[in-house]
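In what follows, a structure is listed as structure tokens, so that the remarks can point back to it.
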Amino acid sequence: MLFRASAKTVAVMALDGSLFLHLTDQFAHMHGYRPGTSEIRSWERSLPVLAAALNDAGLGDVEMMLEYALPLNSKRADVVLAGVHPVTGEPSYVVVELKQWSQAEPDEDDPALCRIDAYTHPVLNPIEQVRRYCEYLVNFNGAVAEHPGRVSGVAFLHNATEFGVSGLRAVELDERGQLFTGERRGEFIDHLRARLSDQHPGVRADDELQAGRTVPSKQLMSVAAQEVREREQFVLLDEQQVAYRMVLNAVRRAQRSDHKEVVVITGGPGTGKSVIALSLLGELYRQGVPALHATGSQSFTKTMRKVAGIRKREVQELFKYFNSFMTTEKNTLDVLICDEAHRIRETSANRYTPAAHRTGKRQIEELIDVARVPVFLLDEHQVVRPGEMGTVREIKAAAAAKGLECRVVPLESQFRCGGSDAYLRWVHAMLGVTDEKPEQWTPDGLMHIEVADSPEELERIIRTEALAGASARLVAGYCWPWTKPIGKERRLEADVRIGDWHRPWNTDSDAICENGAPPSKIWSVHEKGLEQIGCVYTAQGLEWDWCGVILGEDMVRRDGRWVFRRGKERKDPESGVKRVAVPGSFDPKVKAGSVDEQEFARLVRHAYHVLTTRASRATVLYSTDEETRSYLKDMVGGLQVHGLRPTWENLPEEARVPHLSRPRRGRRSRRRRQSAGPQSPDPRLF
């Protein structure tokens with residue numbers, strides 16, 4: 001919050017100009033940079049109008065909280081009004097979203113969105129915007145979590161006419177979502193009078209809201225339990241159940257004796273770490289235990305929000321990022337579930353972090369401090385960026401420094417890669433992740449591997465399986481430049497180029513791009529995601545039935561060993577587009593000079609380890625380097641289907657894509673292939 005004062009005081013300060021100077025100084029102090037011109041203009045034009053309406057309503061003693069920061073979130077409500085309800089005598093809060101728009105119309109596809117002339121893309125309907133702010137506040141502020149009726153919301157479009165914005169009311173209106181224009185100022189004043197008393201100052205209610213503990217509400221716990229736990233799609237086995245029970249036991253100890261301890265759950269790809277995380281989240285909320293889920297991956301977190309909270313946006317708010325807790329008080333939560341904890345970094349601060357939030361604490365300390373039982377789920381072989389330090393050793397050391405017990409639970413059985421431990425060992429040895437000597441793949445009937453001769457063949461194989469109903473994606477090492485969407489149409493540049501074959505990376509934005517290319521957060525599950533190539537940062541933590549993996553020039557085989565290369569690029573003088581000059585890695589996170597050669601090699605190995613362990617049924621490899629491709633073929637050996645490509649046999653003849661361009665070795669008789677029948681795809685994403 002930038003500033004709080006009574007409506008009378010705000011009106012006086014607005015009149016003499018001191019209000020906007022104060023807000024500007026406070027903003028710069030909190031965020032580390034000065035607010036933009038548009039932000040200052042909105043304060044100058046909107047806040048005096050709201051303050052005047054309150055004073056005209058006789059509500060000059062109502063407290064105005066300006067630029068109110070929502071808990072555990074970077075979003076800010078324009079104003080939260082705090083006072084006393086004229087009927088109940090209880091604290092009453094009105095969240096106000098201020099807009100200078102003169103006109104706006106609902107988006108033709110979704111009335112929850114709207115279009116205004118100032119933007120080329122749709123924006124959220126202000127009714128929906130303020131409603132969501134109210135719901136979020138109720139869900140995460142203890143002062144109102146048990147009294148949701150104390151919070152209401154309104155959008156005030158003081159420059160708009162009724163004719164100019166009447167279409168916005170196509171969405172449902174309720175106590176948390178109302179809209180008033182300048183033409184209906186009198187009704188707006190009546191609306192405020194119905195919720196705020198003119199007989200009582202709002203200072204006490206303001207203090208109560210400010211003192212409210214940041215904790216999810218019981219209502220949210222109930223919703224989460226229903227959405228995550230009661231759908232019963234996860235069955236925990238053996239050491240998964242052990243890990244699950246150990247966390248619940250730690251929670252009980254913490255509740256009984258004001259105890260605090262750390263739990264670490266380790267395991268390779270597909271061992272069920274995220275399944276355990278979701279099951280814990282649902283069970284804890286069913287029991288009424290405040291808990292949140294956090295990761296360090298934007299792609300993974302947004303996919304979790306989409307999958308676990310597909311029908312309830314309240315559930316989506318349970319999924320946070322590791323850097324969400326910089327200023328959160330100690331032991332605010334009972335449990336913090338840190339999934340993909342190998343992504344933990346040295347510090348949560350970056351160049352955009354406000355000075356007031358730069359505590360100097362290490363990120364691992366912040367995560368341990370925020371909950372009585374912090375839980376870390378990690379795979380040390382998935383560290384793919386410099387500065388990632390989520391290891392058992394680091395976590396145990398941080399816990400020991402605080403005098404806390406740290407329990408470590410290893411997961412051995414894995415449920416990705418067809419449950420094939422042999423495949424994981426083969427990948428580790430082949431890539432040199434472990435010291436084990438690589439040997440030719442021995443088919444085990446659980447996981448299918450083959451090597452494509454060209455990118456065209458690789459794509460045909462993957463598309464055929466997707467066409468037959470399997471989940472499938474193409475991914476690649478970060479060996480090409482990554483161009484942002486171009487122009488108003490948000491055209492994707494085909495950056496991944498191999499000879500005459502070229503495809504774009506997945507978009508790095510949150511918006512739909514050219515030809516319906518999905519936002520990065522849903523690339524992994526969107527029907528058009530197969531049109532783009534994913535990288536390690538969008539694929540990490542996810543899985544598909546089939547995964548096509550392109551190994552680039554950053555890791556090539558020479559004289560019986562792996563050689564690692566950093567790439568260089570140049571701008572095309574005619575188009576201005578960056579092109580590959582020297583093949584190799586183009587990952588800006590591991591660019592030349594940022595890490596030494598040993599660390600560079602480790603990170604590249606780990607990146608391909610992640611990419612080659614995304615499939616639950618089959619991995620198809622292709623290397624852009626001929627010598628490396630030959631090595632991969634030797635390591636895979638003769639192609640043996642073993643019933644792991646049932647989709648091809650079950651496709652209608654007219655729907656088949658002719659990708660079998662070379663003789664297939666070791667194929668079974670047609671009769672045996674038909675008898676194998678289709679396999680049900682694993683419904684889990686994690």
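With hydrogens and angles disregarded, no donor-acceptor distance shorter than 3.5 Å links the side chain of Asp339 to the backbone of His293. At distances below 3.5 Å, at least one donor-acceptor pair connects side-chain atoms of Arg169 with backbone N or O atoms of Leu179. Distance alone, capped at 3.5 Å, places no donor-acceptor pair between the Asn506 side chain and the Trp523 backbone. A distance-only check finds no donor-acceptor pair linking the side chain of Lys260 to the backbone of Pro374 [under 3.5 Å]. Lys484 contributes no side-chain N or O that, together with a main-chain N or O of Arg490, makes up a donor-acceptor pair within less than 3.5 Å. Within the 3.5 Å criterion, the main-chain N or O of Pro106 finds no donor-acceptor partner in the side chain of Asn125. Asn159 places a side-chain N or O within donor-acceptor distance of the main-chain N or O of Gln100, the cut-off being under 3.5 Å. Checked by atom type and distance alone, the side chain of Asp334 never pairs as donor or acceptor with a backbone atom of Pro290 at under 3.5 Å.
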Only distances under 3.5 Å count here; give the side-chain donor-acceptor pairs of residues 87-95 to other protein atoms, sequence neighbours excluded, each with its distance to 0.1 Å.
from: Thr88; atom 1: OG1; to: Glu90; atom 2: N; distance (Å): 3.2
from: Ser92; atom 1: OG; to: Arg195; atom 2: O; distance (Å): 2.7
from: Tyr93; atom 1: OH; to: Ala205; atom 2: O; distance (Å): 2.7

Requested in this report: Go through Lys402 and Glu365 one step at a time and tell me if the side-chain contact (heavy atoms from CB on, under 4.5 Å) criterion holds.
Outcome: CA-CA 9 Å; Lys402 295 177 179 292; Glu365 292 180 47; 4.0 Å; yes
**Report entry** From CA spacing to verdict: side-chain contact (heavy atoms from CB on, under 4.5 Å), Leu367, Phe322
**Finding:** CA-CA 7 Å; Leu367 298 173; Phe322 289 156; 4.0 Å; yes
**Report entry** Derivation and outcome, side-chain contact (heavy atoms from CB on, under 4.5 Å), residues Glu63 and Gln210
**Finding:** CA-CA 12 Å; Glu63 288 284 296; Gln210 290 300 309; over 6 Å; no
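Pairs engaging residues 47-58 under the side chain to side chain donor-acceptor pair (under 3.5 Å) rule: Asp56-Arg185 [sequence neighbours left out].
When each of Val289, Asn331, Thr332 is tested with Arg372 by the rule side chain to side chain contact (heavy atoms under 4.5 Å, CB included), just one qualifies, namely Asn331.
With sequence neighbours excluded, the residues that form a ring-ring contact (aromatic ring centres under 6.0 Å, His included) with Trp482 are Tyr478, Trp505.
Taking the charged nitrogens against the carboxylate oxygens, Arg193 and Asp190 do have a contact shorter than 4.0 Å, which makes a salt bridge.
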